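Report on the following structure.
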Amino acid sequence: MEETDVCYPTPHAASLQQTISAECPAKALTQEQRQSISVQALAGQRTVSSLANEFDVSRKFVYQQAATAQTALDDAFASATAEDQVLFHLPVTKSWLRRATLGLTLICHSSYRGVHEFFRDLLDVNVSVGTVHNTLQEAVAKARVINTRQKLNQVAIAGLDEIFQNGQPVLVGADISSTYCFLLSGEEQCDADTWAIRLLDLQPQGFAPQATVADFGTALRAGQHIAMPSTTCRGDVFHAVQQMVPVVGYLENQAHQAIAEHDKLRQQRAKLENGRRDQTGRRISLTQKILHAAQAEAQAIALADDIALLTRWLRHDVLAVSGLSAADRRALFDFIVHEFEARIDRCRHRLHPVWTLLKNHRDQLLAFAVQLDQDVTDLAADFEVPVDIVRQLVDLLTEDVRQLGRWQKEVDLRRQLRHRFYALSEAVRALVQRVVRASSVVENINSRLRNYFFLRRHLGRDYLDLLQFFLNHRRFLRSEHPQRVGKSPAELLTGQSHAHWLTMLGYSSYSRN
């Protein structure tokens, strides 16, 4: 029988373990025993000394187990107590109440009574409506001084528009680049004289833009011609395109209805042919209706397709940012107008207003192309390249990268320009971004103003002056243009930073210690 190696604990190791257990009874306790000690200690039914004597441990050990259990309980119920935990203390003073009044009114769009209710329900403070009014009036005087002190000589392209509140016109003007609102004036009427007076009032602040952009209101354009006769008023491309889009949709719906009517008549004839044979008169009448329906269907489809095609040409070729020259744009524009005129009788109530708009405002709509031509010529002279090369580069940078053949065009231009390609392409990209074709900035401001106007039936000058100050000095939280985030329109216009808008009104800023 073979011998096997069997390991037995040496007498020395066994005696060592017994010695450790004898010297430190706490280490010999099981997990259940430790929990029992902590629970009994927290319950307070037994003294710490009795628990220490029972388990042969020190009083310090019992206190440690109780502390461990208390920590576990605190962690388990932390979610229930976090809501009531005091985060910080707010020193509510009269100055703070005035700051909160301005914040609630301008940031949160609150009404006077809404501010009163907020303080009553959340702070148990009685701030009357009259106090709210007086607080805003104190801020108006300071805001008005800041508004009139701002220099406007850096406004290059100005957007002009008018918005109505309860039948009262409000004249609005803003810098397209920085979105700075330099005009926000409530008027009794918006005729040419009123526009001229308000634009003349801005000139002492250095208001002399290179051009303006506006819709096709006659009073606005006449007033600008009086105040600034040498300044071009470009036509808003957005308004022209948006007036054509519903027409295209209407004609497409008419075409679908004509198709459905034709199909319905053909189904009726099919049922008649499969039925009784003694209805010759009805069959002949139905056949004539089908012929007329087929003709109407063909005409409706052709008209819808033609107008949709003309609209695409106008939108993506004539009025788009591209290398097409102003002369070529005019020729194509006139062709589109002529084609519209040839089809007016087919749908006069829809096509005639669009044709009138295009016919009367061609030069205003294409004013941006004249400036673009000049900029392209200057850029070609600076880089000493042919103008046609710059136009090709404009087309390349405005073309969708997914278009077939785009990369081959870029390869050809790189081969011609060599080391100048990158610098010229960056200059062209900056040029394309500077092209202004619409007054979208003013429309955006109008949409923001409506959130304030709907609370009030009447708009006073004081309220509009304060609102203008707030819009110009409140910093953007987000924007499609990254360079605007974290900056106010005033900072974008001047390139200089300023204090918080509440600080500019004389209120100290609050910060948590």
Side-chain angles (χ1 to χ4, degrees), residues 1-105 107-110 113-128 131-132 477-478 486 500 502-503 507-513:
M1 185 175 181
E2 296 183 359
E3 294 182 0
T4 58
D5 294 335
V6 180
C7 295
Y8 296 97
T10 62
H12 176 71
S15 61
L16 181 62
Q17 182 66 27
Q18 293 174 359
T19 302
I20 295 175
S21 300
E23 293 179 353
C24 186
K27 293 185 178 180
L29 295 177
T30 63
Q31 181 179 0
E32 289 76 10
Q33 290 174 323
R34 291 171 182 264
Q35 291 178 359
S36 177
I37 292 173
S38 62
V39 170
Q40 294 182 63
L42 289 178
Q45 297 177 354
R46 298 183 58 183
T47 64
V48 175
S49 298
S50 64
L51 289 172
N53 292 334
E54 179 182 349
F55 291 93
D56 195 18
V57 294
S58 64
R59 290 166 53 88
K60 179 180 179 181
F61 179 81
V62 177
Y63 280 120
Q64 290 176 345
Q65 301 308 306
T68 302
Q70 185 64 52
T71 302
L73 287 173
D74 293 341
D75 293 340
F77 292 97
S79 59
T81 60
E83 294 295 331
D84 298 328
Q85 182 182 359
V86 177
L87 300 179
F88 62 94
H89 293 277
L90 182 64
V92 178
T93 62
K94 289 185 177 181
S95 177
W96 185 91
L97 290 175
R98 287 193 288 267
R99 288 203 309 267
T101 298
L102 290 170
L104 290 170
T105 305
I107 298 177
C108 303
H109 307 175
S110 178
R113 297 191 180 277
V115 176
H116 164 75
E117 187 174 357
F118 173 85
F119 286 137
R120 183 198 66 187
D121 293 348
L122 272 71
L123 298 180
D124 193 22
V125 176
N126 183 20
V127 178
S128 65
T131 302
V132 175
L477 296 177
R478 58 185 178 87
H500 192 272
L502 281 171
T503 305
Y507 296 98
S508 59
S509 60
Y510 168 77
S511 61
R512 290 166 48 186
N513 293 328

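Just so it is clear, the structure is predicted and the values come from calculations on it, not from any experiment.
The OH atom of Tyr507 lies 5.0 Å from the CG atom of Leu102; values are rounded to the nearest 0.5 Å. Rounding to the nearest 0.5 Å gives a distance of 11.5 Å between NE2 of His116 and OG of Ser110. A distance of 5.0 Å separates CG in Leu123 from CH2 in Trp96, rounded to the nearest 0.5 Å. Separation of atoms CD (Gln65) and CD (Gln33) is listed at 11.0 Å; rounding is to 0.5 Å. Distance check: Phe61 CZ to Asp56 CG gives 11.5 Å after rounding to the nearest 0.5 Å.
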Next on the checklist: For Leu29 and Ile37: C-alpha separation, side-chain torsions, deciding distance, then whether side-chain contact (heavy atoms from CB on, under 4.5 Å) applies.
Outcome noted: CA-CA 10 Å; Leu29 295 177; Ile37 292 173; 3.9 Å; yes
Item to check | Trace of the side-chain contact (heavy atoms from CB on, under 4.5 Å) decision for Phe118 with Val115 | outcome: CA-CA 5 Å; Phe118 173 85; Val115 176; 5.6 Å; no
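For Thr105 (side chain) and Thr101 (main-chain N/O), a donor-acceptor pair under 3.5 Å exists by modelled atom type. Within the 3.5 Å criterion, the main-chain N or O of Ala26 finds a donor-acceptor partner in the side chain of Arg34. In terms of modelled atom types and a separation under 3.5 Å, the side chain of Ser38 and the main chain of Gln35 share a donor-acceptor contact. Proximity of a side-chain donor or acceptor of Arg99 to a complementary backbone N or O of Ser509 within less than 3.5 Å is not detected.
Closest of all the heavy-atom pairs between Ala41 and Val62 is CB-CG1, 4.1 Å. Ala52 approaches Arg59 most closely through the heavy-atom pair CB-N, 4.1 Å. Leu97 and Val127 make their closest contact through CD1-CG2, 4.5 Å (heavy atoms, listed as atom of the first residue, atom of the second, distance).
A search for salt bridge (charged side-chain N to carboxylate O under 4.0 Å, His left out) contacts involving Arg113 returns nothing, not counting sequence neighbours.
Counting non-hydrogen atoms of neighbouring residues, nucleotides and ligands closer than 6.0 angstrom, the CG atom of Asp124 reaches no more than 12 such neighbours.
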